[in-house]
Trainee: 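One structure follows; several queries about it will come next.
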Amino acid sequence: QLQPVESGGGLVQPGESLTLSCTLPGASLDYSAIGWFRQAPGKEREWLATITPTGAFTNYADSVKGRFTASRDNAKNIAYLQMSSLKSEDTAVYYCKQRTIWGQGTQVIVSS
């Protein structure tokens, strides 16, 4: 499998938390940075976060800074996006990307 696979999306209430997983294709000695993105209907895909190959550094969009945390476990080939204090405007399909390859996305709905 060459494509990352997202999972963990679902329906949550405002203020609650979700953790998304991104399972990466195969084991590699040359790990790549992972990007997290989201896209709501009618909107352009929005960059959210990047985590460096070893997980030492992360960067976040202003819209999620302080609420979302990217991490990774290279031994398991999994990257994570922890999302807290979720808002209705966080509703979107969430994607991870490794190199130039996108995952299929996982739906997050934040609604009361």
Trainee: Can you check side chain to side chain contact (heavy atoms under 4.5 Å, CB included) on Asn74 and Arg72, steps first, answer last?
Mentor: CA-CA 6 Å; Asn74 286 346; Arg72 65 193 299 166; 2.8 Å; yes
Trainee: I need the minimum non-hydrogen distance between Trp36 and Ala70, along with the two atoms involved.
Mentor: CD1-CB, 4.4 Å
Trainee: Would you check if the side chain of Arg45 reaches a backbone N or O of Gln39 as a donor-acceptor pair within less than 3.5 Å?
Mentor: no
Trainee: For residues Thr52 and Asn59, determine if any side-chain heavy atom of one lies less than 4.5 Å from a side-chain heavy atom of the other.
Mentor: no
Trainee: Are Tyr60 and Leu20 in one and the same hydrophobic cluster, where Ile, Leu, Val, Met, Phe, Trp and Tyr link if side-chain heavy atoms are under 4.5 Å apart?
Mentor: yes
Trainee: Can you list the residues that meet the salt bridge (Lys or Arg N to Asp or Glu O under 4.0 Å) rule with Glu46, with sequence neighbours excluded?
Mentor: Arg38
Trainee: Quick one: does any side-chain atom of Gln107 pair with a main-chain N or O of Ala92 as donor and acceptor, under 3.5 Å?
Mentor: yes
Trainee: Given side chains that start at C-beta, do those of Pro14 and Leu86 come closer than 4.5 Å, heavy atoms only?
Mentor: no
Trainee: How long is the straight-line distance from OG of Ser85 back to CD of Glu16, given to the nearest 0.5 Å?
Mentor: 11.0 Å
Trainee: Indicate, with yes or no, if Val12 and Leu48 share a hydrophobic cluster defined by side-chain heavy-atom contacts under 4.5 Å among Ile, Leu, Val, Met, Phe, Trp and Tyr.
Mentor: yes
Trainee: Using side-chain contact (heavy atoms from CB on, under 4.5 Å) as the criterion, list what pairs up with Thr19, not counting sequence neighbours.
Mentor: Tyr80, Gln82
Trainee: Using a 4.5 Å cut-off between side-chain heavy atoms of Ile, Leu, Val, Met, Phe, Trp and Tyr, which other residues end up in the same hydrophobic cluster as Trp47?
Mentor: Phe37, Val93, Tyr95, Trp102
Trainee: Enter the distance from Arg99:CZ to Ile34:CD1 here, rounded to the nearest 0.5 Å.
Mentor: 10.5 Å
Trainee: Could you give the distance from OG1 (Thr69) to CG (Leu81), rounded to the nearest 0.5 Å?
Mentor: 8.0 Å
Trainee: Taking all non-hydrogen atoms of both residues into account, name the closest pair between Ala33 and Pro53 and its distance.
Mentor: N-CG, 3.7 Å
Trainee: Could you measure the distance from the CD1 atom of Ile78 to the CG atom of Asp73? Nearest 0.5 Å is fine.
Mentor: 7.0 Å
Trainee: Check whether any side-chain N or O of Thr106 sits under 3.5 Å from a backbone N or O of Gly9 as a donor-acceptor pair, and report yes or no.
Mentor: yes
Trainee: With distance as the sole test, does Thr58 use its side chain to make a donor-acceptor pair with the main-chain N or O of Thr50 at under 3.5 Å?
Mentor: no
Trainee: Near Glu44 CD, under 6.0 Å, is it more than 12 heavy atoms from other residues, nucleotides or ligands?
Mentor: no
Trainee: Quick one: does Ser7's side chain get under 4.5 Å of Ser21's, heavy atoms only?
Mentor: yes
Trainee: Starting at SG of Cys22, measure out to NZ of Lys97 and round the result to the nearest 0.5 Å.
Mentor: 12.0 Å
Trainee: Can you tell me how far the OH atom of Tyr31 sits from the CD1 atom of Ile51, to the nearest 0.5 Å?
Mentor: 13.0 Å
Trainee: A side-chain contact here means heavy atoms from C-beta on lying under 4.5 Å apart; do Ser63 and Glu89 qualify?
Mentor: no
Trainee: May I ask you to say whether Asp90 pairs ionically with Lys87, meaning some side-chain N is under 4.0 Å from a carboxylate O?
Mentor: no
Trainee: Is any side-chain heavy atom of Val108 less than 4.5 Å from a side-chain heavy atom of Met83?
Mentor: yes
Trainee: Look at the side chain of Glu6 and the backbone N and O of Gln104, then say whether any donor-acceptor pair between them is shorter than 3.5 Å.
Mentor: yes
